[in-house]
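Every chain is numbered from 1 and lettered A, B, ... according to where its sequence line falls, protein lines coming before strand lines.
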Amino acid sequence: MELAGLYRQMLRARSYELAAEDLWHRGLIAGEMHLGTGEEAVAAGVVTLLGDGDGLALTHRCSPALVVRGVPLVPMLRELLGSEDGLCSGRGGHMHLFSKEHLAATSGIVGASLPTAAGFALANRRLRPGRVAVAFTGTGAMNSGMALETLNLAVAWSLPLVVICIDNGWAITTTSEAVTGGNLVDRARAFGLRTNSVNGRDVRAVHNAAAKHVDAARRGKGPCFLLATCPRLDGHFLGDPLIRMARQPLAEGKDTFTKVIAAAMSRGGGGIKDRAGGMTRMMSVMARARRGPTRERRGDPILAARKAMKKHKAERDRIDAEVAAEIEAAVEAALNGFGENDGG
Amino acid sequence: MTVGELSLGQAVDRAIEDAMARDETVILIGEDAPMLRAPLFARFGADRVLAAPISESAFFGAAAGAAMAGLRPVVELYMVDFLAVAFDAVLNHMAKLEVFSGGTWAAPLVIRAPSGGGYGDGGQHGQSLWGSLASIPGLAVVVASTPADAYGLMTTALGHDGPVIFLEPKLLSEEWLEFLGRGGRETVTFDVPAEGAVGPVPDSAHSTPFGKAAVRRAGEDVTIVSVAVGVHRALEAAGLLQGGGISCEVIDLRSLRPLDVATVVESVTKTGRLLVVDEDYREFGLAGELAAVCLEAALSPRYARVCVEDTLPYARHLEDAALPNVDRIVEAATALVDA
C-alpha cells in the first residue's frame, strides 16, 4: 500500500482514539479505557495486509487494529457508550469487542490473543487455505504461559500465524526490562519462529516487514514473530495514576508520596539499603513515565508519517479533512439518540 | 492500639503492613507491586515486595513452593477473574498439599484478589467467583464487607496454616474504584454503600475468625444471607421491607469456606424463609449450598435467590440490573412472605 493510504489509516485510528478519550472524560464510557495512541503505525502497517478470511486476535488496546480492519465505527463507538445497539449489544465493552464478519476477537486477559489467533490459523489452514491469523500482543504478555506455549504450538503445527509484539517499554506500570529475561526476538527464534524487529514508529518499515511475514505464512512457511517498538502515549489506561503523578507530582502525587515517605520512615522493616533501593526504583519509574513521549511531540508516529507525506501536502490536507469529517460524523451518529437506555 | 477510620482498601494494606513488620517471613508478590504497594516497597524493599511478570501460573506456583519452604507469601492479582490463568497452582497444588502430605505439610499463603463489578469493567473483570473457589477442599475463602472485617480477616489469613483466598470487593474499595473505574474523573458515579467503604478499625490486634458469620440485622420473617456488597444491598432492602411490615434478619457470612452453618440454620429455624443474595453466579454456587445445608438440618424453608444469572454485561445500566439490587431483593423477600 502507498504511504498515503497508510497515513489515512493511522490518522483514522488516532482520531478514533481521541474521540474515545473525549467521551471517556465526559463520563460516557465506563471502566478502564486503554488507548492505542502511539501504535498507529503498527496497526496500519500490519492490518492493511489483511483481507477476508484472515483472522485477528487483539488485546485490551484493540481499537487501532479494528478501525484499520474496517469494522464500522458507529457500532464500535456505541459499544463504548454501552448502548444496546452497539457492536456487541452493550455486553462486551471496549476490552471485549468482537466482529465475527472480520474474524476479529479481543480479550482483556493478558496473553490470550496468541492461543486464539493460533486457533484462527488452524481453522484457516483447513477451511481457507492461504488465509492467515495475526495476534497482536505486548512485551508484558510475552511472559505469560499461554503466550509461550503458543509459540511452541504454532511451530509444532506449522500454523499460518503472525505474532505482532508491540514493545512500548512498559508492562502496566512496571518497565518491561525489570520483569523480562533475555530478548524477546531471541526467545521467539529459539522456539523456531521466523523473527524480525522493526521501528514501530515508521509505518512503511512496519508494512514492509509485516508483508514478508504475512506472505510467508500465506505460503505455508509457518509462524513468525515481529517485534515492533513504539511509544505508549497515554499510559496504561486513561487516568493512569502513574502518568498523572509523573506529570503533576504536586497535584496528583501528594497523598501517595506522603504515605510512601511515612512508610519508609516507619520503625521495623528493611535496612537502609532495602529502603533506599525501594525509593530509588520508584523514582526512576516515575522519571521514565515523566520523560515518556507525548502526543504531537517527537516520537509520535503520526508526526513521523505527516513528515513523510510533506511532499504530498495537498493530498495530506485532503486526507486530514476527510478523516476529521469521518470521525466527527461517526461520533455524532453514535451520540444521536443516546439516552437513558444507554449507559457507558 | 486504635487503627482508626480507614477505607476498606487501606484496612487490607494496613493488615499486611502490620504482619510484614512483625513477621519477617511475610513477603508480597504481585504485578506492579512496587507501584501499587509503594509504601510497602519503600519500607520493606525489593527482597520482600516482589514485582511479578505477567506470568501468573509461574508466580502462583512459586508462591505455593515458597510457602512450603518456610515463607508466608501474600500473592496479589489485579482481579479474581485473572486467577483462571493461575488456577492449576490453586486447585491441584496449594489446595491438595495438606491431604497429600498426610497432614504434615501446609502452604501458608494468602491470595489477595479484588472481586466484583458495579463500575462497568465488563464480564472478564467484574466476576465474584467465590462460589467456585469455595467448592475446593483445602482452601479457605473469605470476603470482607467492612473495613473492620477487611483488617480482621486479613490478619487471620496471615496467621492461617494453609492457603487463603481473600477477596476484596472493588465496589467497597475506594482505591480500586479510583484506579479502575474513575481514573481522576468527576463525571462518573458509583453506587457505593458507605458503611462498607469507610469505617472504624478497632485495634491493631483485631482479628476476625474464619467460619463465623455476623448477624448484621436481627429480624423475624425472612433470613437474608449474603457476603460483600450484597450484605449492604440486603440491609438497605431490609430497611424498606420493615416499612411494609416484613422483618428481615441479615447475615454476612464473611467466610464461605469454612461456612458458619450453625448461624444460618439457627436463623432459618426462626424465620422459616431463606433468601440468598449473591453477586456470584446463581447456579451451582453459594445459593444452592445454603439451600443444601438447610435441607441437611431437616429444615424446609421457603427459599429464593437473587444472584447473577448470566455473564455480566459491560453497559452500566445493564450491569446494575444484572447485579443483585435493592429492588430485586425487596421483590423476592415480599414474594417469600406472600407465598
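Annotation: A/His60 is not in aromatic contact with B/His125 [ring centroid separation under 6.0 Å not met].
For A/Ser144 and B/Glu56, the side-chain atoms include no donor-acceptor pair closer than 3.5 Å.
In this structure, chain A has a heavy atom under 4.5 Å from the backbone of B/Leu312, while its side chain stays farther away. Of the atoms belonging to B/Ala84, not a single heavy atom falls under 4.5 Å from chain A. With a 4.5 angstrom heavy-atom cutoff, A/Ser89 touches chain B only via backbone atoms. In this structure, chain A has no heavy atom under 4.5 Å from any part of B/Glu319. Within the 4.5 angstrom heavy-atom criterion, no atom of A/Ile261 approaches chain B. Heavy atoms closer than 4.5 Å to chain B are found in the side chain of A/Met146, but not in its backbone. The contact between A/Arg244 and chain B is made entirely by side chain atoms (from C-beta outward), counting heavy-atom distances below 4.5 Å. In this structure, chain B has a heavy atom under 4.5 Å from the side chain of A/Met286, while its backbone stays farther away.
Although no hydrogens or angles enter the test, the distance criterion places no donor-acceptor pair under 3.5 Å between the side chain of A/Asn143 and the main chain of B/Ile54.
The existence of a salt bridge linking B/Arg182 and A/Glu32 is excluded, since no basic side-chain nitrogen approaches an acidic carboxylate oxygen closer than 4.0 Å.
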